[in-house]
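For reference, the structure is listed below as structure tokens.
Just so it is clear, the model here is predicted, and its values are computed rather than measured. Numbers for residues simply follow the sequence, beginning at 1.
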Amino acid sequence: MYDQRNAIYDQRGNVFLWLGYTVALLLVLFVTGGLAARFPLMGSVPDCLPVAIAFVAVLEGRFFGSVYGIGAGFLVTMTHAGHGSGMILLGAVIGMLAGGWYERRLRRYFGPCMMSAALALLAAALFRGITALWFVPGATLAAVARIGGLELLYSLLLALPFYPLFLFVHKHMSNG
């Protein structure tokens, strides 16, 4: 029997789950923007925001991944100077596409999470590359491709320790 007490527990559990994902996102932003950005790899710095969005989308589904992507994109757009407002839309698209693994019942596996992270990083690198070629005078395709490729590899390497963090939040703070 589903009663009032269970409904309150479910709501409280959802609040703790999304607070956990928010804390995990802040940790990701601190590690990538605060620590790893001090050690650029041949001129490129990592950006693991698409990784965080992809992980949450794979673990929670398309709808919640899109909402998380919009919120994370908005947060980063407001706090980091290097991200434009296109990250809000890109976060929603990444969340929607990466959430497809959830419907295929592959949500708790390492492979789909890392594949989604790699594709999300590729989409973000393509988005940044196209905008750089369009708006930055003197930007060449070779330079943009080199920086984008190194950023993708650097970010994907940093994504490896973030997978257990998001899986921990999902397992210990989710109702299902």
Side-chain angles (χ1 to χ4, degrees), residues 9-41 44-80 82-83 87-88 90-125 127-128 148 150-176:
Y9 174 75
D10 288 346
Q11 290 173 354
R12 188 177 303 144
N14 284 333
V15 168
F16 287 135
L17 173 70
W18 293 104
L19 281 174
Y21 282 141
T22 303
V23 169
L25 174 67
L26 293 175
L27 184 64
V28 166
L29 293 177
F30 173 73
V31 169
T32 58
L35 300 177
R38 296 184 184 268
F39 305 103
L41 179 68
S44 67
V45 293
D47 179 26
C48 287
L49 176 69
V51 170
I53 296 169
F55 285 168
V56 170
V58 169
L59 294 171
E60 298 298 330
R62 290 178 193 259
F63 176 75
F64 293 116
S66 295
V67 172
Y68 186 79
I70 290 170
F74 183 76
L75 173 75
V76 170
T77 299
M78 294 294 124
T79 58
H80 284 78
H83 289 80
M87 200 62 194
I88 298 170
L90 186 64
V93 170
I94 288 170
M96 183 184 66
L97 294 176
W101 294 106
Y102 179 84
E103 280 111 28
R104 298 185 193 282
R105 309 271 189 245
L106 296 172
R107 63 181 177 165
R108 289 194 176 108
Y109 296 112
F110 179 73
C113 280
M114 290 310 290
M115 187 181 304
S116 294
L119 292 173
L121 287 169
L122 180 63
F127 178 75
R128 283 193 200 99
L150 288 172
E151 178 184 302
L152 190 142
L153 290 175
Y154 196 7
S155 300
L156 201 55
L157 181 66
L158 280 178
L160 292 173
F162 294 139
Y163 170 73
L165 172 68
F166 282 93
L167 191 62
F168 176 82
V169 169
H170 175 74
K171 282 184 178 180
H172 293 287
M173 296 185 180
S174 129
N175 292 332

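- The minimum heavy-atom distance between Phe55 and Ala117, with the atom names listed, is CE2-CB, 3.9 Å.
- Enclosure of atom CE in Met115 is not indicated, since only 12 or fewer non-hydrogen atoms of other residues, nucleotides or ligands lie within 6.0 angstrom.
- Rounded to the nearest 0.5 Å, atoms OH (Tyr163) and CG (Leu167) are 4.5 Å apart.
- Closest non-hydrogen pair, Pro46 versus Ser155, comes out as CA-OG, 3.3 Å.
- Atom CZ of Arg128 is separated from atom CE of Met87 by 5.5 Å, given to the nearest 0.5 angstrom.
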Next on the checklist: I'd like to know whether Thr32 forms a side-chain contact (heavy atoms from CB on, under 4.5 Å) with Val45, so could you lay out the CA-CA distance, the side-chain angles of the two residues, the decisive distance to 0.1 Å, and finally the verdict.
Outcome noted: CA-CA 8 Å; Thr32 58; Val45 293; over 6 Å; no
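- A distance of 8.5 Å separates CE of Met114 from CG of Leu121, quoted to the nearest 0.5 Å.
- For the pair Ile70 and Ala92, the tightest heavy-atom approach, listed with the atom from each and the gap, is CG1-CB, 3.5 Å.
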Checklist entry - Can Leu17 and Val169 be said to form a side-chain contact (heavy atoms from CB on, under 4.5 Å), step by step? => result CA-CA 7 Å; Leu17 173 70; Val169 169; 4.2 Å; yes
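- Closest of all the heavy-atom pairs between Leu158 and Cys48 is CB-SG, 3.9 Å.
- Aromatic ring pairs are classed by plane angle as parallel below 30°, tilted from 30° to 60° and perpendicular above 60°; the pair Trp18 and Phe64 is tilted.
- Residues Val51 and Val28 have side chains not in contact (no heavy-atom distance under 4.5 Å, counting atoms from C-beta outward).
- Leu90 CG to Ile53 CD1: the interatomic distance, rounded to the nearest 0.5 Å, is 7.0 Å.
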Item to check | Phe110 vs Leu160, side-chain contact (heavy atoms from CB on, under 4.5 Å): CA-CA, chis, key distance, verdict | outcome: CA-CA 10 Å; Phe110 179 73; Leu160 292 173; 3.7 Å; yes
Next on the checklist: Set out, in order, the CA-CA distance, both residues' side-chain angles and the distance that settles side-chain contact (heavy atoms from CB on, under 4.5 Å) for Leu153 and Leu41, then state yes or no.
Outcome noted: CA-CA 10 Å; Leu153 290 175; Leu41 179 68; 5.5 Å; no
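- No donor-acceptor pair closer than 3.5 Å links the side chain of Tyr68 to the backbone N or O of Glu60.
- Looking at every heavy atom in both residues, Ala37 comes nearest to Pro40 through O-CD, 3.8 Å.
- Atom OH in Tyr21 sits 10.0 Å away from atom CE in Met173 (nearest 0.5 Å).
- By the ring pair (Phe, Tyr, Trp, His ring centres under 6.0 Å) test, Phe162 is found to be paired with no residue, residues two or more places apart in sequence or in another chain being considered.
- Annotation: the span from Leu97 atom CG to Ser66 atom OG amounts to 8.0 Å, rounded to 0.5 Å.
- With a 4.5 Å cut-off on side-chain heavy atoms, Leu25 and Leu49 count as touching.
- The nearest pair of heavy atoms linking Tyr154 to Ala36 is OH-O, 3.3 Å.
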